[in-house]
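Below is one structure, written out as structure tokens, with a few remarks after it.
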Amino acid sequence: GWLTEASASNVLVVRAGTYVGVNATTSLSFGMQGEGNPIVTPASNATPAMTIAMFGGAVQRVSIRGMTFRSDFTGQWALNVRTSSSSWPAPTVHLDSCVVESVSPQADRVALLGEGIGLTVQHCQLQTSQLIGCAATIVDSTVIGQDLSNWQGSTQRAQTALDILRSTVWIVDSTLRAGSSFGVYAEPAAGIGITDSSFTSG
């Protein structure tokens, strides 16, 4: 697949167009540079638009610039960047001038899911994002929670812009905006939701 080419060549230039995303597991550092705003979408309704699972440890770096990741299906995220290891320092992902969005009509949607990584985000537009066990910095970006159009249960996170679980996050010169629950009971809409083993706060 085209992501394998990125690992082999270190930096992959992705031309304008629509691409089917992939599941990639790698220990290599690489970059993806979008030209003309290429769009990555899921291969099916059972997969994210893209998953990058990293196991290269502290020296592994992934950089993604100028690309759009879009999920069309309920319950699936647009971009999942994660590591299978819980050790620190962890691999680091840098997103610059990217759009990460879910256009599913359902409520149980998360656009960006980061797990166990170092994450830097700048000049990006994100929809509902969830960080689990991460150290993250968000700079000059916008994070928007979604309006709840269909009720899928009592623990939906679509309205909350940024959902933080067991993570440390710095937010600088950025805008966070909660969506609307339209009066349907679910997780309360919030700009930031914070959860750990001892408390939940919106």
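Formation of a donor-acceptor pair under 3.5 Å by the T41 side chain with backbone atoms of A49 is not found in this model. Looking only at distances, no side-chain donor or acceptor of T128 sits under 3.5 Å from a matching main-chain atom of V110. A donor-acceptor pair is defined here as one N or O able to donate and one able to accept, closer than 3.5 Å; no such pair exists between the side chain of T26 and the backbone of M54. Counting only distance, with no hydrogens or angles, the side chain of S141 and the backbone of C124 share a donor-acceptor pair below 3.5 Å. The backbone N or O of Q127 lies less than 3.5 Å from a partner atom in the side chain of S129, making a donor-acceptor pair.
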CA sep, side-chain torsions, deciding dist, call: V14, V40, side-chain contact (heavy atoms from CB on, under 4.5 Å): CA-CA 10 Å; V14 184; V40 182; 6.0 Å; no
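Contact record, S102 with A111: N-CB, 3.9 Å, taken as the closest heavy-atom pair. When every heavy atom of G116 is checked against every heavy atom of A90, the shortest pair comes out as O-CB, 3.4 Å. When every heavy atom of G66 is checked against every heavy atom of C98, the shortest pair comes out as N-SG, 3.8 Å. When all heavy atoms of G56 and P91 are compared, the pair lying nearest together is N-CG, 4.4 Å. The nearest pair of heavy atoms linking S167 to G133 is OG-N, 3.0 Å.
Rounded to the nearest 0.5 angstrom, I171 CD1 and L162 CG are separated by 5.5 Å. One distance of note links CD1 of I117 with CG of L131; it measures 8.0 Å at 0.5 Å rounding. A distance of 9.5 Å separates CD of Q60 from CD1 of I52, quoted to the nearest 0.5 Å. The distance from the OG1 atom of T51 to the CH2 atom of W77 is 6.5 Å, given to the nearest 0.5 Å. A distance of 11.0 Å separates OG1 in T68 from CG in L79, rounded to the nearest 0.5 Å. Taken from CG in L119 to CD1 in I138, the straight-line distance is 7.0 Å, to the nearest 0.5 Å.
Considering only residues two or more places apart in sequence or on other chains, E101 meets the salt bridge (Lys or Arg N to Asp or Glu O under 4.0 Å) condition with R70.
No side-chain heavy atom of M50 sits less than 4.5 Å from a side-chain heavy atom of M67. Counting heavy atoms from C-beta on, the side chains of F30 and I64 never come closer than 4.5 Å. Taking 4.5 Å as the limit, some side-chain heavy atom of Y19 sits within range of a side-chain heavy atom of P38. Looking at N80 and E115, their side chains come closer than 4.5 Å, going by heavy atoms from C-beta outward.
Side-chain heavy atoms closer than 4.5 Å link hydrophobic residues (I, L, V, M, F, W, Y) into clusters, and following such links, even through other members, never connects V62 to V99. Clustering ILVMFWY residues whenever any of their side-chain heavy atoms sit less than 4.5 angstrom apart, transitively, puts L176 in the very cluster that holds L112. I39 and L95 fall into different hydrophobic clusters, where Ile, Leu, Val, Met, Phe, Trp and Tyr are joined by side-chain heavy atoms under 4.5 Å apart, directly or via other members.
Checked options T142, V143, I144; the residue passing with T175 is T142 (criterion: side-chain contact (heavy atoms from CB on, under 4.5 Å)).
Residue pairs meeting the side chain to side chain donor-acceptor pair (under 3.5 Å) criterion with at least one partner in residues 116-126, sequence neighbours excluded, are H94-T120, D96-Q122, H123-D140.
Grouped with V139 in one hydrophobic cluster are V172, the linkage being side-chain heavy-atom contacts under 4.5 Å among Ile, Leu, Val, Met, Phe, Trp and Tyr residues.
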